[in-house]
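Heads up: the structure comes next, in structure tokens.
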Number of protein chains: 2
Amino acid sequence: MIQNLSEHQREQLQEALAHGGQKVTPQREIVYSVLLAKRDHPTVDEVFNRARESMPGLSLATVYNCLETFVGCGLVRQVNHERESTRYCPNLAPHAHFRDESTGRVHDIELPEHVLSTLRSILPNGFETDSIEISFHGHTKNSRNHNSN
Amino acid sequence: MIQNLSEHQREQLQEALAHGGQKVTPQREIVYSVLLAKRDHPTVDEVFNRARESMPGLSLATVYNCLETFVGCGLVRQVNHERESTRYCPNLAPHAHFRDESTGRVHDIELPEHVLSTLRSILPNGFETDSIEISFHGHTKNSRNHNSN
DNA sequence: GATAGATTTTGAATCATTCTAAACACCAAC
DNA sequence: GTTGGTGTTTAGAATGATTCAAAATCTATC
């Protein structure tokens, strides 16, 4: 069920890993191929199960390691970036969040209606939205006590 | 340190809870007041600790219950909505995600550059972004096998 | 003041993730 | 071909946020 990587894909993998002095390993090949084979945003556990079909001895920790490596070298993106504790806020107006990576603080960013409609406009037909979540990640310069709602 | 609720705030609380046949309790008042007192997107644990200053016997589970109740009746928003397993995708082009609540599936939504710049334009001065995450939540109509990248 | 329903409490259970230490693989130098 | 080093994998324990279950407590109503 799991395809091997194509020439091109293996090269991509090899090149991306090379930057951090990291190597292509059978485990990494399998995990990467799983990701490419079915692009349904699998969880770690799903990746693990699919990968084990071709490599029964593979361990869960390795899958975590591989994925972390891939994210680190820019091969793969994490969909639910926010794996820290859930946070709560009482600001009910439509707003985005800006997370300052240096301080860990979260700021509210007002969301004008025109931005929301721009966003809604990029959805294909048939997609109906209940809510949109937007979070910026970055840092603030000369931040003179912005409100941190 | 923790303020009591104002007349108006207590009414809001009372009204929001009333819809689900739920009542205002001392614990809920405290938790709500904690949220209003310092709008810094606290974690459950932070809420717990602040609330215990005014109500030492309060339990963590109650804080979880209160927050869940508040979210349920629309009083409060969860910042890190996505508390399920982290998901991964190999699509490196800038794209948003659309989570279909009925199927649980995640679709990629292409993000044109003009949308990105619109988004960046709403940031106040001094905010510098490394990355923007956008996720839509909703459902799809007559979804004829959209690509689910 | 008894009963029913919602709420809170405590502590145990769960689940994703991270950590740790030992085993392994590969390669270069000897 | 053995030795040493580095990076990788493995298994299992540990952590940490969250949820669950059951008993205790409240509140309103009869």
Side-chain angles (χ1 to χ4, degrees), chain A residues 10 13-34 41-52 54-73 75-76 78-88 104 106, chain B residues 10 13-34 41-52 54-73 75-76 78-88 104 106:
Chain A
R10 179 176 289 102
L13 178 57
Q14 135 82 38
E15 161 142 2
L17 288 170
H19 284 276
Q22 289 164 309
K23 297 160 199 163
V24 177
T25 67
Q27 288 87 344
R28 285 175 180 164
E29 281 194 33
I30 300 274
V31 170
Y32 190 45
S33 77
V34 164
H41 306 82
T43 63
V44 174
D45 230 60
E46 285 163 347
V47 173
F48 179 47
N49 288 317
R50 292 176 200 174
R52 258 199 306 193
S54 348
M55 185 184 269
L58 185 68
S59 82
L60 180 59
T62 300
V63 175
Y64 274 101
N65 290 341
C66 291
L67 291 171
E68 194 192 352
T69 303
F70 295 164
V71 171
C73 68
L75 265 183
V76 151
Q78 251 173 342
V79 174
N80 294 343
H81 214 239
E82 311 282 13
R83 295 263 64 234
E84 297 162 353
S85 306
T86 302
R87 291 170 180 278
Y88 295 85
V106 177
Chain B
R10 177 175 290 104
L13 178 58
Q14 135 82 36
E15 162 142 359
L17 288 170
H19 284 277
Q22 289 163 310
K23 297 161 199 159
V24 176
T25 68
Q27 288 86 342
R28 286 176 179 163
E29 282 194 33
I30 299 274
V31 170
Y32 190 47
S33 77
V34 165
H41 305 82
T43 63
V44 174
D45 231 60
E46 286 163 347
V47 174
F48 179 46
N49 287 318
R50 293 177 200 173
R52 259 199 306 193
S54 350
M55 185 184 269
L58 185 70
S59 84
L60 180 59
T62 300
V63 175
Y64 273 100
N65 290 341
C66 290
L67 291 171
E68 194 192 352
T69 303
F70 295 163
V71 171
C73 68
L75 265 184
V76 151
Q78 250 174 343
V79 174
N80 296 343
H81 213 240
E82 312 280 13
R83 296 264 60 233
E84 297 163 353
S85 307
T86 302
R87 290 169 182 278
Y88 295 85
V106 177

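Just so it is clear, the model here is predicted, and its values are computed rather than measured. Throughout, protein chains are lettered first and strands after them, A, B, ... in sequence-line order, and every chain is numbered starting at 1.
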Could you please name the option among C:dT17, C:dT9, D:dT9 that lies closest to any side-chain atom of A:Val44?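 The nucleotide sitting nearest to the side chain is C:dT17.
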
Closest approach to the side chain of A:Lys23, judged atom by atom: which nucleotide of D:dG7, C:dT17, D:dT10 is it?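 Looking only at heavy atoms from C-beta outward on A:Lys23, the closest nucleotide is D:dG7.
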
When we call it a touch if two heavy atoms are under 4.0 Å apart, what does A:Thr62 touch: a base, just sugar-phosphate, or nothing?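 Since a base atom lies under 4.0 Å of A:Thr62, the category is base.
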
Would you indicate what A:Asn65 reaches in the nucleic acid, counting non-hydrogen atoms under 4.0 angstrom: base, sugar-phosphate, or nothing?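 The answer is base, as A:Asn65 lies within the cut-off (heavy atoms under 4.0 Å) of a base atom.
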
What is the distance, to the nearest angstrom, from the [atom1] atom on [X] to the [atom2] atom on [N]?
{"X": "A:Arg52", "N": "D:dA11", "atom1": "CZ", "atom2": "P", "result": "10 Å"}
{"X": "B:Phe48", "N": "C:dT8", "atom1": "CZ", "atom2": "C1'", "result": "12 Å"}
{"X": "A:Asp45", "N": "C:dT14", "atom1": "CG", "atom2": "P", "result": "16 Å"}

Can you find a side chain N or O atom of B:Thr25 that sits less than 4.0 Å from OP1 or OP2 on C:dA6?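 B:Thr25 to C:dA6 OP1/OP2: no side-chain N or O under 4.0 Å.
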
For D:dG7, does either OP1 or OP2 sit under 4.0 Å from a side-chain N or O belonging to A:Gln22?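 So the side chain of A:Gln22 is outside the cut-off, no N or O lying under 4.0 Å from OP1 or OP2 of D:dG7.
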
Do you know the tightest heavy-atom contact between B:Ser33 and B:Ile30?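 So the minimum-distance heavy-atom pair works out to OG-O, 2.8 Å.
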
Identify the heavy atoms of B:Phe48 and B:Leu58 that sit nearest to each other, and give their distance.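 Closest approach of B:Phe48 to B:Leu58, heavy atoms only: CE1-O, 3.2 Å.
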
Dump the intermediate steps for side-chain contact (heavy atoms from CB on, under 4.5 Å) on B:Arg28 and B:Phe70, then the final yes or no. CA-CA 9 Å; B:Arg28 286 176 179 163; B:Phe70 295 163; 4.0 Å; yes

Pick out which of B:Met55, B:Glu29, B:Arg50, B:Glu46 makes a side chain to side chain contact (heavy atoms under 4.5 Å, CB included) with B:Val34.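 The single option meeting the side chain to side chain contact (heavy atoms under 4.5 Å, CB included) with B:Val34 is B:Arg50.
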
Taking for each residue the nucleotide of DNA chain C with the nearest heavy atom, is it B:Ser59 or A:Ala61 whose nucleotide lies nearer the 5' end?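 The answer here is B:Ser59.
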
